[in-house]
Structure formats: C-alpha cells, structure tokens
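Read the structure below first, then the notes.
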Amino acid sequence: MQNIDIMRRQLKSLGAIYDWSREVITCLPDYYKWTQWFFLKLYEKELAYRDRAPVNWCPQCQTVLANEQVVGEGICERCDTPVGRRDLEQWFFRITSYADELLEFDGVDWPERIKIMQRNWIGKSFGTGISFALDHPGIEEKEIRVFTTRPDTTFGVTFMVLAPEHPLVAQLTSPDKKAEVEAYIAKSQRRSEIERLSTEREKDGVFIGAYVTNRLNGEKVPIWVADYVLLSYGTGAVMGVPAHDERDFIFAKKYDIPIRVVIAPPDWQGGELEEAYIEEGTLVNSGQFNGLPSRQGIEAISDFLEEKDWGRRTISYRLRDWLISRQRYWGAPIPMIYCDKCGIVPVPEADLPVLLPEDAEFKPTGESPLKYHEQFVNTTCPRCGGPGRRETDTMDTFMCSSWYFIRYTSPGSDDAPFDDNKNKFWMPVDLYTGGAEHAVMHLFYSRFFIKALRDIGIVDFDEPFTRLFNQGIIIAEKQKMSKSLGNVITPDEYVAELGADAVRAYLMFLAPWEQGGEWNDSSISGISRWLNRIWQLVLDEYKPDEKAAPGRIQTEEKELSRFTHQTIRRVTQDLEKLRFNTMLSALMEFTNYLAKVKETAAISNSAWQESIDILLRLLAPTAPHFTEELWERTKRQYSIHNQLWPQWDEKLAQDEEITLVVQVNGKLRDRITVPVSITEDELSQILQEKAIKANAYLEGKKIRKRIYVPGRLVNFVVQ
RNA sequence: GCCGGGGUGGCGGAAUUGGCAGACGCGGCGGACUUAAAAUCCGCUGGAGCAAUCCUUGUGGGUUCGAGUCCCACCCUCGGCACCA
C-alpha cells in the first residue's frame, strides 16, 4: 500500500489528470472478490480446468509461470532467473479455444507489430496428422500419430522420433536398449532449459529398439528418442525426413540413418544432398505421387491418407492454455475446495471473497504459503458439509489486470463486478497506452478474458481496447532504468527544480512518444528556457507601434492570422496522432514568430491578445499549471482547462504566396516567390523575369521537357 | 535461422509519403549587456572550398525529369520468436 501512495503522489505531482474517485486497487478484497467470481464463471463455462502437466518453474519466485511469462532464453519475466520444469497439477484457462478469434483484429486500431507478435505467439500452422502403424506385442496402442506441415515428404521417412517424455517410450523400449534409453532420458532431464532450447546444440538421441510402419510404402522405420522433439507441440512425435528437414538431416548424418530424396530440387541429377532441401520441388520415390509438384503433393497425399483413414488434415497451434495457478502469497486465492467425497467443489458465490489471510508464514518450500495456514486450508465442503481443504494456490496477477479497466466504470459496485449500464456507456476502452512488453501477456490475456466474458454473457463487446498506442521507455545512462542498476530518475527532483510542466513538456519533446528516448539533463533546460520566454512574452506589456501605417498593420495581422491558423492545425493534428514532439516544435515556432511580432509591434493590441489566447490554449494540455497561471495573471476567465479547443479555418490558414523551386535537370538552381494560385502560363512569364539564376543554366541549351508540379517546383530537362 | 522496426549534422530528432534534406531543440562558435561570471538577448553553425561551386540521408546497384522516401543485393542495430516438425 505504501508503493501505491508513492505512485499516486508522483502522478499527481506531474499534473496527470485522473479521476481519482475511480481508483481501483486489485489486491483489496472488494476487487479480488470479483476476480474470484470471474474464475467461477469461467469454471462453470468449462473454460477453467485442472490438469497435470510439465510446467515452468521459477526457483527464485518459488512458483510456476505461464509460457508467456517465460521470456528470452527461459528467463522468469519477473525476476530474471532461469526457469526449470516441473510436473504439477495446476489450474488452466482454455485460451486455446479462442486461438482463431485472437488471430483476428477486426475493428481495432493496434500497432502492426503487436498484432504480429500475438499472431506469432499463437503460431497457427496447417498440416496433416499421420498415423504410423504400431504392432508391438503387449501394447494396446496400434499407432503413433505425428503432425507434419509437409505430408508430401512422407515417402522420405527413414526414422521416427519421440520426445523423451512421450508415454510410449517406456513401453516400447526393447530390453537390450532399456539402460541406454533411460540414461538418455535422465541426461536430457538434467539439461537446463537454456541448453535444451539452444538451436546451436548438437542433436542427439537413442534408438529404442522398436519400429513403426509407414503405411504409405509399407516400410518399417526405427523409433528413436531425442530431446529435439518437444512433447508440448503437436503430438510429441515426429516423422524423420532427413532429406527435407534440417534437424532430421543433421540427426540422420550423425547416426548414419538413410537419407532418401523424395522432393527433387529443380536441377537435381539424383545425387546425394549436401544439406536438407526444404524448398518446393517435384515428388520422386513416392509411388503413385511421383511427378507432382510438392504443393500438389501435399494435397494429394493428404487426400489419400484421409481416404484410407490413415491421417487427417490438422491445424496445430503453438499457443498453450494459460496456466493461472501461482504458489505466491500475493494474488487472489483460487476459490475452490477439495472434498474427499465430492471432489473439486467451487466456493459458492455467496461465500466470496475467499480472503487472503494476513498472517501467512513465508517459507522457501516451493509451495504456496497458504498451504501451511491451517485456518485457511481447513474448511467445510459446500456440497456435503463434510471436511474440505481449500485450494492454496493463488491466481496469476495478470488475471486481476485482465478486467480492471471495466471496474473503472463503477468502482464501488458491490453486488456485481460492475454496473451494466455504465459498462455499456464506457466500454470498450477508446485509447489504451501501454508498453509493448505486454504484447503477449496483459494485452493478450485481456483480449481472451473479454471474449470469454462475452460468451458467458457478461459483456457485449469483442475487444477490450479499440485503439492501442505503445509508449516508449525512457533510458538513462545508456541503460533501461531499473532499480537494480540504481539509475532510476524519479520525476520528483526535476519537478521540484524546474516544475512539473517542464518535465512533462520535455518528455513529450525529446523523441516520438512511441519511441521513448534517453533522458538528457541539458536538453530539458531548453524546454525550461522556452517556457520562460513564453512567460515574458505573455506578461510583458505589448505596446503597439503607433506610427505603423494602416496598410502595414493589415498585412502584419493577416500574416499573423495565417500563422496562427496553421499552428492550430498542426498542433491539433499532431495531438490526435499523439505526435507530441512535433506538436511542441510547432508551438515553439509559433512562440518565435510571436516574439518577432512583438518586436515590430505592428499589430493591434486586440490581435496580439487573440494570439496569446490561442497560444495558451494550445499549450494547456502540455503545461497545465503554467498556462493556468498565465491565464489568471492576464485576467482571463477561470479556468483555461474549461475553454474550447481552438479551431482553425482552412481558408485563413491558406498560404497566398509560396516559394517555387526552379530546377534544371533535377538540381536546385533558383527559388522564386509566386502567388499560390498561379497558372502555368503566368508562371512561364514570371520565370523569364525572375528566375535569373536558373536562366543562366538554360542559356544556349535545348529544353527537352518542362515538369511543373503546382505549388512545388518546375524542373527543366535540357539536352 | 525466421518475423518486425530502424540507420539522416557533434547530439535528440523533422521532412504533408516521390518534389527546397537537416524544421524544432541541445551543444558549439562569435557578439551585446556586465568590473567579471551566471542568466538573458542577437547572429552563425552538415562537410570541402577565398569563391563560383561541388559533395552529403548505412554500403553498392537500379527505376525516375527528380529518391531520405520506390525496387534489388549487402552491412549494422534494436525488439520479438526460436529444435514448433
């Protein structure tokens, strides 16, 4: 709660405008009660289930992690510790049921790269499941299924590989190979995640002394076990086609397994391959399919397999279900009770929230601290009234963050997670700014969560965040700011020294908002200077030059009006696109212009006041305190933040004269000032008279072509 | 390896999508004010050259009257994924 106080204070000190009456604290029972309630809803809908599976284990955090929370080469997203594997029974959400819908981004305006990251994460691939016949005494299983995206290479299968964890390995291993196979499995289990994930590592494996039959050609092929095959993808078994798969090729070379070409490269003479040929080609050595291009081969062989019932077209996803159990203390307890008689029983809604006890003991046991909290664990079964044990794991905190934005619509609601009408009024979120690092975590889970709630009938929209914008990160001393590096720049000291508005404006100015940038002390002083200049500009009295001729005044005012309207246009458009850096450049240019205007003083006082008025209003979102102060000191009506945003008039913003570039053979030779509305005929006249420099280049040359781009340039092509 | 973003002055970065490259700001240089310094203000500031002029957007080709922008090849860099069958 202390860190919340600090954050709150910093946000306020920066002048961030939030409706604090809507503040939501996800770790308090009035909130997590509803997180638990959602869990029950998902459970009812069979979107939450319990299963035993090999899961990611962080030894530092002493908890399991979802796949999305293991980053880089097997590193815990939270504490940077290498992650291991454990076989545990855990709670999962069926996010895979939504894989196809999550691939669609209809009606949302999101950065392309985030969409791509999510699509890659889901990893949809089309292929064929193929059954290889198994005839092994004493084993009921009569087939081993594999998944392949290249069924056209099936005649090239010369071995089969099972993942070390594959359930059939133990049963199929022949007695004489038993010791060797077990040793191999033990060795691969000892391998760290990093080692196992490394693509550089040499592929190794062991023949288990058993065979399957490739039904397409009736050949018996040996079964191997190798840890380059993953149990978690496809079926945990892979057909080895060394001629047309890089990994299989290396593996076959190492163990002298035959390599049979079945996809002929374009100019292939029948010789041995130097490396796996994974491109398209023509089918050879493939029985009745010989001569087909591989693309057609895929379809023909798949059709044939389906006809014979030896296989089926299949779609495979890389995405795994979302593991939400955590052995952490924080996080909402999973509202489930285990009863010896009734099994797994959900906590009745009326009994929510299941409170997190505040006196749990922390022991580095690798199990939830709640497990040793007798009062918490022991309860009665809601179904039979007998003794029951509570689930002691807590929920992934990403679950809390999957719906907090809905809670903002009605933070006090205590008979429902939110007020339905308010939800309908506010949701979905119009613009969501957040870091790209959440691409396949928070931003992904929230999409799933909303879709699930929609199907349960709790919300009526499909996507949580209509527009997404990723802000960049600010780096200091060439490194990302982090507490462990001790290079965190807190806004506090700068706010104290230069003011919140200077800090805000600096952060907006230093680089495109989505890019972030490097904090630089000397650059911020430029912003500070600029604000000081505005201060003088606004508060030092404007004294119109009484000797100025009326014609002069008219011209100057017209110029000023044009510049003003152009500025309003630039600032407004940049603001909509969240291009704050160029928005501020526009305001700086406007300030510089106004400084010159003030110097010459050839405009009326009312025109001057009007310009100041617009400058302040355009600057108000950037520098809210500063502009309010100037607004008040110049006796304007409180508050600047209640004023209308300035509107621009296209006609007034229109330039009357432009600089036209004169090129000869594409090289800049002259510039002339011409009226905007100039016609090509008029231009020819003017070119003769005015483009003196350019004409020197045209002297004695034959003009082959003249290219005129209205409003931009004329280019003479000579000789 | 695959996917995506990017490479522009001493620095952060602009450039209406093929049309004046370097807006705006920082830094630097020169000047004014000051006994002096700071602050402030004014001027200059991509490179070479006394100059006319020439060169210049990672490198090399190409398309075009014209390329930072489009196409091809390559190099570097940042982010994501990575034995996904």
Side-chain angles (χ1 to χ4, degrees), chain A residues 71-74 111-121 123-125 127-128 130 146-150 153 161 163 196-203 226-230 232-241 244-248 250-251 278 316-319 436-437 439-440 470 505-506 509-512 514-515 517-527 529-530 532-533 536 569-570 573 579 581-592 595 599 658-671 704-718:
Chain A
V71 296
E73 299 210 324
E112 207 53 42
R113 67 191 181 111
I114 301 290
K115 296 199 269 187
I116 290 167
M117 278 164 75
Q118 293 198 353
R119 287 201 190 101
N120 289 344
W121 187 257
K124 183 176 188 173
S125 63
T128 306
I130 303 176
V146 299
F147 172 79
T148 180
T149 53
R150 293 295 301 273
T153 65
V161 192
R196 222 183 134 169
L197 282 173
S198 165
T199 45
E200 306 299 310
R201 186 170 65 83
E202 201 177 332
K203 288 155 190 37
D227 62 8
Y228 77 86
V229 172
L230 308 171
S232 56
Y233 184 79
T235 61
V238 167
M239 61 185 207
V241 186
H244 308 294
D245 181 281
E246 284 172 39
R247 295 151 300 180
D248 296 345
I250 294 164
F251 194 78
I278 56 175
S316 192
Y317 299 89
R318 211 187 72 102
L319 179 68
E437 68 274 17
V440 295
N470 298 122
Y506 172 62
F509 183 66
L510 114 149
E514 71 271 28
Q515 184 183 306
E518 189 171 356
W519 183 276
N520 182 322
D521 278 357
S522 65
S523 291
I524 193 173
S525 64
I527 292 289
R529 277 205 283 264
W530 173 53
N532 285 337
R533 279 204 303 278
Q536 301 295 334
R569 182 172 61 192
R570 286 173 68 186
Q573 290 174 348
R579 288 166 51 159
N581 58 333
T582 48
M583 174 183 85
L584 289 184
S585 314
L587 285 171
M588 286 173 182
E589 285 178 58
F590 190 45
T591 313
N592 294 343
E599 188 80 16
I658 46 142
T659 303
L660 195 79
V661 167
V662 185
Q663 295 182 338
V664 177
N665 283 344
K667 289 202 165 156
L668 173 77
R669 291 306 179 197
D670 211 344
R671 295 173 229 259
R704 277 178 38 206
K705 208 165 154 192
R706 188 176 82 179
I707 291 143
Y708 172 52
V709 184
R712 298 227 177 270
L713 55 77
V714 227
N715 184 16
F716 292 96
V717 186
V718 299

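Below, chains carry the letters A, B, ... as their sequence lines are ordered, and counting in each starts from 1. Just so it is clear, the model here is predicted, and its values are computed rather than measured.
- Here A:Gly234 lies out of heavy-atom contact (under 4.0 Å) with every strand.
- Residue A:Arg570 is classed as having no contact, given no heavy-atom separation below 4.0 Å to the nucleic acid.
- Distances were taken from every side-chain heavy atom of A:Asn120 (C-beta onward) to each of B:rG27, B:rC41, B:rC3; the shortest belongs to B:rC3.
- With a 4.5 Å cut-off on side-chain heavy atoms, A:Leu510 and A:Trp519 do not count as touching.
- The residue among A:Lys705 and A:Asn532 whose nearest nucleotide of RNA chain B lies closer to the 5′ end is A:Asn532.
- Looking at the side chain of A:Lys667, the nearest of the listed nucleotides B:rC24, B:rC55, B:rA85 is B:rC55.
- With the nearest nucleotide of RNA chain B identified for both A:Met588 and A:Thr659, A:Thr659 has the one nearer the 5' end.
- Nucleic acid contact for A:Val238: base, since at least one base atom lies under 4.0 Å from a heavy atom of the residue.
- In this structure, the CZ atom of A:Arg669 is 14 Å from the C1' atom of B:rC65, given to the nearest Å.
- Base orientation of B:rG58: anti, the glycosidic angle falling outside 90° of 0.
- Among the atoms of the strands shown, none is found under 4.0 Å from any heavy atom of A:Arg704.
- Taking only side-chain atoms of A:Asn715, from C-beta outward, the nucleotide of B:rC65, B:rC26, B:rG80 with the closest atom is B:rC65.
- Close to B:rA85, at under 4.0 Å from its OP1 or OP2, lies a side-chain N or O of A:Ser125.
- The side chain of A:Leu668 sits closest to B:rA21 out of B:rA21, B:rC26, B:rA82.
- In this structure, A:Arg533 places its CZ atom 13 Å from C1' of B:rC42, rounding to the nearest Å.
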Generate the contact string for nucleotides 12-18 of chain B. Rules: B means base contact, S means sugar-phosphate contact only, - means no protein heavy atom under 4.0 Å. BSSSB--

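- Nucleotide B:rU17 carries a syn base; the chi torsion (O4'-C1'-N9-C4 or O4'-C1'-N1-C2) is within 90° of 0.
- Comparing B:rA15 with B:rA23, their P atoms sit 13 Å apart, to the nearest whole Å.
- Rounded to whole Å, the distance from CG on A:Asn665 to C1' on B:rU64 is 13 Å.
- Counting only heavy atoms from C-beta on, A:Glu589 has its side chain closest to B:rA23 among B:rG25, B:rA85, B:rA23.
- In this structure, a donor-acceptor pair under 3.5 Å is present between the side chains of A:Tyr228 and A:Asp248.
- Distance, A:Leu713 CG to B:rG19 P: 9 Å, rounded to whole Å.
- In this structure, A:Glu514 places its CD atom 12 Å from C1' of B:rG6, rounding to the nearest Å.
- For A:Arg529, whose side chain is taken as the heavy atoms from C-beta onward, the closest listed nucleotide among B:rC81, B:rC24, B:rU40 is B:rU40.
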